[in-house]
Amino acid sequence: MNISFLGNWRKKRDPARVAVFSDSESDREGLAELLSECELLRSQAYRAGIELDDSPASLEALDQLLPRWRDDEESLPWLGNDAGLYLGTVILRTVPGATWQLWPNGQPVVRLESGREIDVVAAGGEWATSGVPELSQLYGEVSEA
């Protein structure tokens with residue numbers, strides 16, 4: 001949607017670049033809950049008859065979807081963001097020691113017990129745009145590490 005006055009309003013304001021969370025258990029759980037919502041992806045999957053149950057099998061089902069969203073340039077980045085957050089959610093729920101981390105710019109990434117950080121949002125964007133890497137393939141690489 002292109003709303004001219006909104007675009008001008010955004011140009012005049014400098015968006016916040018840093019998200020601040022403490023390291024308490026309730027904050028980590030709240031962050032995980034917030035990032036797992038993925039409304040656009042969940043609605044697309046629901047319409048295609050796919051249940052997103054936060055399992056690795058659901059990632060495989062997403063990889064099999066026909067990418068009709070690629071025709072909608074406005075929703076493409078949002079869907080890619082949701083796909084990345086959903087991938088991160090599946091990793092957190094199934095890979096021991098995985099946690100959400102926020103980079104200084106506010107970008108959420110998954111940090112593995114080994115210290116490796118995976119930019120799942122970037123991976124989700126690439127998946128939505130080109131289908132590569134497949135979400136299930138990336139999950140497989142991460143879960144073996």
Side-chain angles (χ1 to χ4, degrees), residues 1-3 6-7 9-65 67-70 72-145:
M1 185 179 318
N2 187 6
I3 304 172
L6 185 57
W9 180 84
R10 286 182 182 152
K11 287 178 189 173
K12 293 177 185 174
R13 280 140 185 90
D14 188 23
R17 295 285 180 205
V18 178
V20 179
F21 288 89
S22 72
D23 202 23
S24 74
E25 184 66 29
S26 64
D27 281 353
R28 284 193 300 261
E29 289 173 7
L31 178 61
E33 186 177 328
L34 176 68
L35 295 177
S36 71
E37 288 181 3
C38 315
E39 255 183 71
L40 181 59
L41 181 69
R42 289 183 189 277
S43 69
Q44 292 260 352
Y46 178 79
R47 281 187 257 139
I50 296 172
E51 179 185 354
L52 297 185
D53 59 0
D54 301 343
S55 71
S58 64
L59 294 173
E60 292 174 14
L62 284 173
D63 287 337
Q64 301 305 312
L65 279 177
R68 292 188 173 101
W69 59 81
R70 291 187 189 139
D72 184 357
E73 290 184 26
E74 281 189 33
S75 68
L76 186 62
W78 296 103
L79 187 70
N81 186 69
D82 276 9
L85 294 176
Y86 183 71
L87 171 63
T89 298
V90 173
I91 292 170
L92 258 67
R93 300 212 173 150
T94 59
V95 176
T99 60
W100 284 113
Q101 287 292 133
L102 293 175
W103 282 344
N105 67 358
Q107 174 85 355
V109 296
V110 172
R111 184 179 177 97
L112 301 178
E113 204 167 44
S114 67
R116 178 180 170 204
E117 292 182 343
I118 296 97
D119 187 351
V120 291
V121 172
E126 292 172 17
W127 173 82
T129 304
S130 67
V132 178
E134 290 183 340
L135 299 174
S136 60
Q137 176 188 357
L138 187 54
Y139 172 81
E141 292 170 11
V142 168
S143 66
E144 290 176 0

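Numbering starts at 1 and runs along the sequence shown. Worth knowing before you read on, the calculation uses all heavy atoms, side chains too, and leaves out hydrogens, waters and symmetry mates.
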### Task
With sequence neighbours left out, write down each residue that passes side chain to side chain contact (heavy atoms under 4.5 Å, CB included) with Trp78, or none if nothing qualifies.
Leu40
### Message
Measuring from atom CG of Leu52 to atom OG of Ser58, what distance do you get when rounded to the nearest 0.5 angstrom?
### Response
5.5 Å
### Query
Listed by chain and number, what are the salt bridge (Lys or Arg N to Asp or Glu O under 4.0 Å) partners of Arg93, not counting sequence neighbours?
Asp54
### Query
From Ile118 CD1 over to Gln101 CD, what is the distance, rounded to the nearest 0.5 angstrom?
11.5 Å
### Message
To check you understand the geometry: which heavy-atom pair defines the closest contact between Ala83 and Leu41, and what is its length?
### Response
CA-CD2, 3.7 Å
### Task
Can you tell me which residue pairs pass the ring-ring contact (aromatic ring centres under 6.0 Å, His included) test with a partner in residues 27-62, sequence neighbours excluded?
none
### Atom pair CG (Leu79) and CD (Glu74), whose distance is rounded to the nearest 0.5 Å
13.5 Å
#### Entry: Residue pair Glu60 / Ser136: nearest heavy atoms and the distance that separates them
CG-CB, 3.6 Å
### Atom pair CD/CZ of Glu51 and Arg42 - distance to nearest 0.5 Å
9.5 Å
### Message
Please enumerate all residues that pass side chain to side chain donor-acceptor pair (under 3.5 Å) together with Ser36, with sequence neighbours excluded.
### Response
none
### Message
Going by side chain to side chain contact (heavy atoms under 4.5 Å, CB included), name the residues that satisfy it together with Pro56, two or more places apart in sequence or in a different chain.
### Response
Val90, Thr94, Tyr139
### Query
Taking only residues at least two apart or on different chains, which pairs with a member in residues 95-108 satisfy salt bridge (Lys or Arg N to Asp or Glu O under 4.0 Å)?
none
### Query
Do Leu62 and Leu87 have side-chain heavy atoms sitting under 4.5 Å apart?
no
### Message
List the residues meeting salt bridge (Lys or Arg N to Asp or Glu O under 4.0 Å) with Glu117, not counting sequence neighbours, and say none if there are none.
### Response
Arg111
### Query
For Ser43, what residues pass the side chain to side chain donor-acceptor pair (under 3.5 Å) criterion, not counting sequence neighbours?
Arg47
### Query
Mind checking whether Trp127 and Leu138 have side chains closer than 4.5 Å, heavy atoms only?
no
### Query
Looking at CG of Asp63 and CG of Leu135, how far apart are the two atoms once the value is rounded to the nearest 0.5 Å?
5.0 Å
### Query
Are Val142 and Val110 side-chain neighbours, meaning at least one heavy-atom pair lies under 4.5 Å?
no
### Message
So which atom in Ala123 and which in Pro133 form the shortest heavy-atom distance, rounded to 0.1 Å?
### Response
O-CD, 4.4 Å
### Query
Ala61: what forms a side chain to side chain contact (heavy atoms under 4.5 Å, CB included) with it, not counting sequence neighbours?
Ile50
#### Entry: Set of residues satisfying ring-ring contact (aromatic ring centres under 6.0 Å, His included) with respect to Trp100, sequence neighbours excluded
none
#### Entry: Nearest heavy atoms of Cys38 and Asp82, plus distance in Å
C-OD2, 3.2 Å
### Summary
CD1 (Ile91) and OG1 (Thr99) are apart, to the nearest 0.5 Å, by 11.5 Å
### Where Gly80 and Ala128 come nearest, the two heavy atoms and their spacing
CA-CB, 3.6 Å
### All pairs passing salt bridge (Lys or Arg N to Asp or Glu O under 4.0 Å) where residues 120-144 contributes a residue, at least two apart
none
### Query
Asp119: what forms a side chain to side chain donor-acceptor pair (under 3.5 Å) with it, not counting sequence neighbours?
Gln107
